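Reading through the structure tokens given below for one structure.
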Amino acid sequence: MVVGAAVVVVAGGGAAFAFAGDGEKPQAKAPMRTGTAAVERGDLVDTESVDGTLTYHGESEVRTGASGTVTAAPDKGDAIARGRTLLKVDGKPVTLMYGSTPMYRTLREGVEGADVRQLEKNLAALGYGEDLTVDDEFTAVTADAVREWQDDRGLAETGAVTPAQVVFLPGAVRVKTVKAPEGARTGAGQPVLTVSGTRRQVHVDLDADKQQMARKGAPVTVELPGGRTVKGRISEIGTVAEKSGDQQDQSTTIDVEITLDRNARTGNLDQAPVSVTMESERRRNVLSVPLEALLALREGGFGVEVVEGAAKRIVPVTTGVFGGGRVEVSGGDLREGMKVGVPAE
């Protein structure tokens with residue numbers, strides 16, 4: 001402190017706060033403030049970081065119609081796409097096909113329904129049945145396509161598809177847990193695998209008192225293990241609050257799911273801890289200055305040093321939201337485009 005005026009340098013920020021002495025007007029000279037920055041108008045966003053978990057989209061159990069001994073099983077982390085083998089039972093493959101309707105019956109000539117269309121769509125995508133028409137009817141043409149597919153899969157060429165041969169899932173999957181390892185016995189309807197989708201996402205258990213930060217479609221930044229950051233957007237927000245912890249230290253949270261940009265490079269880690277920067281507050285169409293432009297006045301509050309050519313003057317301001325290294329300011333005769341003093345560095 002120096003009698004009459006003092007300068008306080010904020011560690012890390014380099015901002016100089018000038019204090020006026022007793023009975024004096026705000027000082028017009030601010031040591032170290034040899035640079036200038038513009039007063040800008042626009043949206044100002046304040047952010048907050050929360051903990052999240054990097055994982056994969058969706059999770060479900062795989063159940064088959066096959067009964068017998070598991071003779072081949074995938075490894076944890078394996079990715080399986082349409083037409084590939086989920087596992088083998090008694091030496092026969094159980095094949096993944098895409099669709100939302102479970103394989104609940106044997107599909108054969110004469111059968112009609114949405115599940116028939118689903119099967120035909122997969123056969124066509126896999127290159128079977130040149131003359132196949134994708135519709136709700138299982139015809140002789142469909143049966144021929146099935147026999148061709150069965151031949152390639154090492155199955156009896158019956159022309160009919162049973163629940164022991166096919167599992168319908170929404171898309172490609174990644175194996176999370178093998179519940180029926182090689183050598184285990186399994187029965188129809190029993191869970192054999194736990195799988196997820198192959199698309200990456202981040203899960204956040206957000207404190208319920210911060211739920212205003214979660215807006216569907218809002219952009220976020222995710223810091224991955226190692227420090228690299230990727231972009232994403234909030235895709236799902238839970239509607240039910242969940243309690244966790246013991247009675248002494250209990251918290252209430254809501255589920256928030258974040259979809260990452262398609263080109264985001266995230267590696268192969270699952271259940272990895274990440275930091276998610278979310279928007280906590282947004283002020284629209286406000287004036288702002290760099291944080292280091294603020295001067296703390298002796299009589300209280302803050303001001304900025306307005307630079308007009310060779311002339312300089314201190315203008316008291318009211319501060320608002322902080323974000324992105326800037327702070328909302330109002331008061332005095334501040335206008336967009338004005339220059340304010342900042343430390344040269």
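Bear in mind the structure is a predicted one, so any value in this text is a computation, not a measurement. Quick note: residue numbers are just sequence positions, from 1.
Side-chain atoms of E148 do not come within 3.5 Å of backbone N or O of A145 as any donor-acceptor pair. Remark: the backbone N or O of G159 is paired with a side-chain donor or acceptor of Q150 at under 3.5 angstrom. With hydrogens and angles ignored, the 3.5 Å screen pairs no side-chain donor or acceptor of Q190 with any backbone N or O of S67. In this structure, E328 contributes its side chain and V321 its backbone to a donor-acceptor pair below 3.5 Å. Here the side chain of D136 pairs no donor or acceptor atom with the backbone of E112 at under 3.5 angstrom. No donor-acceptor pair closer than 3.5 Å links the side chain of D207 to the backbone N or O of T253. At least one donor-acceptor pair closer than 3.5 Å links the side chain of Q118 to the backbone N or O of S100. A distance-only check finds no donor-acceptor pair linking the side chain of T177 to the backbone of K179 [under 3.5 Å]. A donor-acceptor pair under 3.5 Å links the side-chain atoms of S280 to the main chain of D46, judged by distance alone. The main-chain N or O of D270 is never found under 3.5 Å from a side-chain atom of Y56 such that the two would form a donor-acceptor pair.
Of the candidates R199, H57, E236, R233, T259 forms a side chain to side chain donor-acceptor pair (under 3.5 Å) with just one, namely R199.
For A81 against A172, the heavy-atom pair with the smallest separation is CA-CB, 4.2 Å. The two atoms that bring M213 and V50 nearest to each other are CE-CG1, 4.3 Å, heavy atoms only. Considering every non-hydrogen atom in both A293 and V342, the closest pair reads CB-CG1, 3.8 Å. Among all heavy-atom pairs drawn from V94 and A164, the shortest one is CG2-O, 3.5 Å. Nearest heavy-atom pair, G52 versus V202, reported as atom, atom and distance to 0.1 Å: CA-CG1, 4.3 Å. Residues V256 and A214 come closest through the heavy atom pair CG2-CB, 4.0 Å.
Taking CD1 of I254 as the start and NZ of K210 as the end, the distance is 12.0 Å to the nearest 0.5 Å. Once rounded to the nearest 0.5 Å, the distance linking CD of E223 with CZ of R228 reads 11.0 Å. To the nearest 0.5 angstrom, L119 atom CG is 5.0 Å from F168 atom CZ. Atom CG of residue L193 and atom CD of residue E61 lie 10.0 Å apart, to the nearest 0.5 angstrom. Remark: T47 OG1 to E279 CD distance equals 9.0 Å, nearest 0.5 Å. Interatomic distance, CG of L260 versus CG of L54, reported as 6.5 Å (0.5 Å rounding).
T133 places none of its side-chain heavy atoms less than 4.5 Å from the side chain of V141. Counting heavy atoms from C-beta on, the side chains of V134 and R117 come closer than 4.5 Å. For the pair E257 and H203, the minimum side-chain heavy-atom distance is below 4.5 Å. No side-chain heavy atom of L107 sits less than 4.5 Å from a side-chain heavy atom of V146. Contact of the D205 side chain with the D51 side chain is not registered, since no non-hydrogen atoms from C-beta on lie closer than 4.5 Å. Residues L87 and T64 are in side-chain contact: their nearest non-hydrogen atoms beyond the backbone lie under 4.5 Å apart. The closest side-chain heavy-atom distance from M278 to I234 is below 4.5 Å. Side-chain contact between L155 and W149 is present, with heavy atoms from C-beta onward closer than 4.5 Å.
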Point to revise | Working for side chain to side chain contact (heavy atoms under 4.5 Å, CB included), residues L132 and D144 | key: CA-CA 9 Å; L132 182 65; D144 288 340; over 6 Å; no
Practice item. Would you sort out whether T158 and R108 count as a side chain to side chain contact (heavy atoms under 4.5 Å, CB included), showing the intermediate values? Key: CA-CA 9 Å; T158 63; R108 56 168 57 92; over 6 Å; no
**Study point:** Pair R84-D78, salt bridge (charged side-chain N to carboxylate O under 4.0 Å, His left out): steps then yes or no
**Key:** CA-CA 11 Å; R84 309 303 293 179; D78 282 356; over 6 Å; no
Review point. Where do V230 and R265 land on the side chain to side chain contact (heavy atoms under 4.5 Å, CB included) test, with the steps shown first?
Key: CA-CA 8 Å; V230 295; R265 294 185 295 116; 5.8 Å; no
Exercise for review: Take K216 and S235 through the side-chain hydrogen bond (donor to acceptor under 3.5 Å, both in side chains) test and state the conclusion after the steps.
Suggested key: CA-CA 6 Å; K216 193 168 184 178; S235 53; over 6 Å; no
**Study point:** side chain to side chain contact (heavy atoms under 4.5 Å, CB included) evaluation trace for M338 with E308
**Key:** CA-CA 8 Å; M338 274 185 167; E308 296 169 321; 4.1 Å; yes
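Two different hydrophobic clusters hold Y98 and L126 under the rule that ILVMFWY side chains link at heavy-atom gaps under 4.5 Å. Both V222 and V204 belong to a single network of hydrophobic side chains, linked directly or stepwise wherever heavy atoms of I, L, V, M, F, W or Y lie under 4.5 Å apart. Placement of L291 and L44 in two distinct hydrophobic clusters is found when ILVMFWY residues are connected by side-chain heavy-atom separations under 4.5 Å, directly or transitively. Hydrophobic clustering (ILVMFWY, side-chain heavy atoms < 4.5 Å, transitive): V192 and V173 are in one cluster. No chain of hydrophobic side-chain contacts below 4.5 Å, direct or via other Ile, Leu, Val, Met, Phe, Trp or Tyr residues, connects M97 to V175.
More than 12 heavy atoms of other shown residues, nucleotides or ligands fall within 6.0 angstrom of atom CZ in R82. Other residues, nucleotides and ligands contribute only 12 or fewer heavy atoms inside 6.0 Å of the NZ atom of K88.
We find that D261 and K231 are not joined by a salt bridge, their nearest charged nitrogen and carboxylate oxygen being 4.0 Å or further apart.
For the residue pair T55 / Q271, a side-chain donor-acceptor distance below 3.5 Å is found, with atom types taken as modelled.
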